[in-house]
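Position 1 is the first residue of the sequence; numbering continues from there.
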Amino acid sequence: MALTGRAALLAALGSVPVGVLEPGWTGILAVNGSLALACACDYALAAPVRRLLLTRSGDTSVRLGDTADVTLTITNPSRRLLRARLRDAWPPSSWQAGTETEASRHRLTVPPGERRRVTTRLRPTRRGDRQADRVTVRSYGPLGLVARQGSHRVPWTVRVLPPFTSRKHLPSRLARLRELDGRTSLLTRGEGTEFDSLREYVPGDDTRSIDWRATARQSAVAVRTWRPERDRHILLVLDTGRTSAGRVDDAPRLDASLDAALLLAALASRAGDRVALLAYDRRVRALVQGRSAGDVLPSLVNAMAGLEPELVETDARGLTAGALRTAPRRSLIVLFTTLDAAPVEQGLLPVLPQLTRRHTVLIASVADPGIARMAQARGDAESVYEAAAAAQTQGERRRTAEQLRRHGVTVVDATPEDLAPALADAYLALKAAGRL
């Protein structure tokens with residue numbers, strides 16, 4: 001039994017003598033006895049908490065930044081009216097800071113034998129699974145002097161998915177893909193291996209595309225046009241080691257990589273290519289392969305939801321072996337990793353030939369826009385030193401990227417906002433060049 005604030009105040013007032021009573025304490029005991037009797041009656045009339053039946057329904061997934069509604073149904077099987085305050089507890093990251101109290105607490109009245117519903121609106125601030133904690137109910141008597149309190153376990157899980165903010169770039173890249181695929185009036189000249197049609201030769205065309213038999217049947221020189229190849233294999237490899245935990249614009253580098261990977265997967269699946277995913281640091285954190293074009297994006301989003309950076313050094317040899325096992329035939333391997341000199345030179349470069357020997361390799365890295373702002377800073381001695389340090393960092397990244405390019409690797413180094421469209425453009429450029 002819990003005393004409410006009202007009962008505690010009455011008890012305090014009843015314990016103070018107001019005047020002289022014979023034999024002295026009789027009046028005080030009478031007041032306290034009446035209060036105790038009122039509290040006992042109030043407690044007896046409060047609906048029992050343990051017998052309540054609670055069930056959940058509502059959203060089971062939500063994109064990061066959106067809201068999810070989880071409904072709690074409370075059934076009162078007793079013969080007493082339930083007057084209650086309820087707290088629906090979830091992890092702190094289920095709400096934005098400062099909004100938990102308002103969102104998780106509810107008042108309700110449930111007549112005997114009836115049920116009521118309350119809805120808790122979640123707005124998660126992190127990816128992953130959010131699991132409901134206890135539901136605590138405080139049931140009051142009609143006088144509001146005392147309350148019964150108890151907790152119920154009502155399991156429910158809401159999976160917080162990546163936000164996929166880069167999907168706004170998808171329509172423009174699909175338009176370019178249709179141009180490459182010959183579905184518009186603009187045809188790609190001399191690329192790919194799938195024959196599309198014949199047209200008249202114009203200066204600048206590759207002479208190897210001339211169809212001499214067709215030319216012999218007509219008065220003009222005819223050349224063959226080709227569609228970009230379809231049904232290629234794309235493997236997205238996410239480095240989830242310690243370098244992916246570095247925060248850029250107040251978010252881990254891994255989050256920007258996930259967003260770019262989703263845009264590339266959506267574009268490649270529309271192009272008829274097969275997309276797979278491998279997340280690795282010292283062991284496999286996520287693996288998606290063998291999905292159809294319609295199922296690949298939901299599968300990737302679901303697999304990415306629980307990925308978090310691991311504060312360990314990535315095993316480059318293990319990552320390479322995992323990539324080769326996942327992509328047994330020639331593929332485009334897109335590796336999301338850092339361009340910091342030490343991890344690349346000591347870890348990736350020694351094993352890179354194993355990948356480039358059999359596959360086309362593209363490395364995507366998240367650049368810190370704060371470094372570019374520091375490089376332009378001037379005005380005082382501290383700003384000049386910061387600019388010099390930023391310029392040195394930028395130079396090291398350029399040298400690392402150049403080392404990778406000498407191994408035949410395509411490098412995309414861009415800020416979180418620009419990484420996804422830049423990666424999509426690089427994919428389309430490889431497709432247009434017939435390298436896929």
Side-chain angles (χ1 to χ4, degrees), residues 63 162-206 208-211 214 222-236 256-277 288-301 304 327 329-334 336 359-362 364 410-412 414 417-436:
R63 288 195 181 277
F164 194 13
T165 56
S166 62
R167 63 180 177 272
K168 62 187 177 183
H169 299 291
L170 187 57
S172 61
R173 271 58 188 184
L174 287 176
R176 292 179 54 188
L177 179 64
R178 285 192 293 270
E179 293 178 356
L180 289 175
D181 205 21
R183 279 176 276 184
T184 66
S185 58
L186 180 60
L187 289 175
T188 304
R189 299 176 179 177
E191 306 294 353
T193 60
E194 184 181 347
F195 175 73
D196 180 66
S197 62
L198 294 171
R199 61 169 176 79
E200 187 174 345
Y201 174 86
V202 295
D205 284 339
D206 189 345
R208 292 173 296 180
S209 297
I210 297 176
D211 189 320
V223 295
R224 294 182 292 268
T225 60
W226 310 90
R227 294 178 185 267
E229 294 201 33
R230 302 173 66 84
D231 198 29
R232 302 295 91 187
H233 289 250
I234 316 293
L235 175 60
L236 309 175
S257 298
L258 297 180
D259 194 51
L262 287 175
L263 179 62
L264 179 57
L267 182 61
S269 62
R270 293 287 192 91
D273 294 336
R274 300 178 183 272
V275 181
L277 169 74
V288 177
Q289 59 184 147
R291 298 295 194 274
S292 63
D295 187 48
V296 65
L297 200 59
S299 298
L300 292 180
V301 169
M304 292 175 177
R329 57 182 295 184
R330 183 167 183 80
S331 307
L332 169 64
I333 294 181
V334 182
F336 297 86
H359 305 285
T360 301
V361 180
L362 189 157
T410 301
V411 178
V412 176
E417 183 179 352
D418 297 330
L419 181 63
L423 181 59
D425 291 342
Y427 164 78
L428 292 172
L430 290 172
K431 211 164 185 63
R435 294 181 59 187
L436 294 185

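- By the salt bridge (charged side-chain N to carboxylate O under 4.0 Å, His left out) test, R291 pairs with D295, sequence neighbours left out.
- For A268, the side chain to side chain contact (heavy atoms under 4.5 Å, CB included) partners at least two apart in sequence or on another chain are I234, D273, V275, Y427.
- In this structure, the side chain to side chain contact (heavy atoms under 4.5 Å, CB included) partners of E417, at least two apart in sequence or on a different chain, are T415.
- Closest approach of F336 to A260, counting heavy atoms only: CE2-CB, 4.0 Å.
- Taken to the nearest 0.5 Å, the CZ atom of R232 stands 13.5 Å off from the CG atom of L430.
- Side-chain contact between V288 and M304 is absent, with no heavy atoms from C-beta onward closer than 4.5 Å.
- Rounded to the nearest 0.5 angstrom, L297 CG and S299 OG are separated by 9.0 Å.
- Applying the salt bridge (charged side-chain N to carboxylate O under 4.0 Å, His left out) rule to D425 yields the partners R173, R176; only residues at least two apart in sequence or on another chain are considered.
- Of all non-hydrogen atoms in A414 and A422, the two that sit nearest each other are CB-CB, 4.4 Å.
- Once rounded to the nearest 0.5 Å, the distance linking CG of L174 with CG of L428 reads 9.0 Å.
- Checked against side chain to side chain donor-acceptor pair (under 3.5 Å), H233 has the following partners two or more places apart in sequence or in another chain: R329.
- Of all the heavy atoms in A276 and Q289, the pair that sits closest is CB-CB, 4.0 Å.
- For R63, the side chain to side chain donor-acceptor pair (under 3.5 Å) criterion is met by no residue, not counting sequence neighbours.
- Considering only residues two or more places apart in sequence or on other chains, R330 meets the side chain to side chain donor-acceptor pair (under 3.5 Å) condition with T360.
- Among the candidates L300, T165, L170, L236, the single residue satisfying the side-chain contact (heavy atoms from CB on, under 4.5 Å) test with L262 is L300.
- For S166, the side chain to side chain contact (heavy atoms under 4.5 Å, CB included) partners are F164, H169, D259, L263, A420, not counting sequence neighbours.
- Residues G294 and P298 come closest through the heavy atom pair O-CD, 3.8 Å.
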